[in-house]
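A short worksheet on the structure shown next.
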Amino acid sequence: MDFKSMKYYLYWLYCQFELITCSYLMEPWEKILFYTFNITMLVMISYTAYLFIPVHISTAFQFFLHLLGNQHENAVSIVK
């Protein structure tokens with residue numbers, strides 16, 4: 001892969017991002033605040049998804065197994 005074309009492609013993507021968000025109109029200190037806020041939100045959403053989505057998928061999977069009749073035996077029924 002040609003690294004020079006990759007560099008230009010990444011620069012093109014960055015320019016597209018600035019055009020879409022209109023951040024090219026901002027002053028440098030405004031860009032810092034804007035990018036800091038966006039990166040912070042992206043990190044928080046990723047961390048929340050990492051923590052909670054597997055739990056929700058597991059709970060949904062157990063719920064659908066329960067609906068289909070594949071119930072786990074609990075400890076009380078084993079003792080009796």
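Positions are given from 1 along the sequence.
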### Distance-minimising heavy-atom pair for P54 and A49
CD-O, 3.6 Å
### Message
Counting only heavy atoms not in Y8 (residues, nucleotides, ligands), do more than 12 fall under 6.0 Å from its OH?
### Response
no
### Task
Dump the intermediate steps for side-chain contact (heavy atoms from CB on, under 4.5 Å) on K7 and Y11, then the final yes or no.
CA-CA 6 Å; K7 179 182 168 185; Y11 180 71; 5.8 Å; no
#### Entry: Least distance between heavy atoms, L51 atom then V55 atom
O-CG2, 3.7 Å
### Query
Is the backbone N or O of T36 less than 3.5 Å from a side-chain atom of T40, with the two atoms forming a donor-acceptor pair by type?
yes
#### Entry: Between CD1 on residue I39 and OH on residue Y35, distance to nearest 0.5 Å
9.0 Å
### Query
Stepwise, does the side-chain contact (heavy atoms from CB on, under 4.5 Å) test hold for N38 with L42?
CA-CA 6 Å; N38 286 335; L42 181 68; over 6 Å; no
### Message
Counting only heavy atoms not in F17 (residues, nucleotides, ligands), do more than 12 fall under 6.0 Å from its CZ?
### Response
yes
### Task
Answer yes if Y47 and I45 sit in the same cluster of Ile, Leu, Val, Met, Phe, Trp and Tyr residues linked by side chain heavy atoms under 4.5 Å apart, and no otherwise.
no
### Task
Locate the shortest heavy-atom distance separating K31 from Y14; write the atom from each residue and the value.
NZ-OH, 4.4 Å
### Query
Any chain of hydrophobic side-chain contacts (each under 4.5 Å) joining W29 to M26?
no
### Query
Of all residues at least two apart in sequence or in a different chain, which pass the salt bridge (charged side-chain N to carboxylate O under 4.0 Å, His left out) check with E30?
none
### Query
Once you round to the nearest 0.5 Å, how far does CD of E18 lie from CD of Q16?
10.5 Å
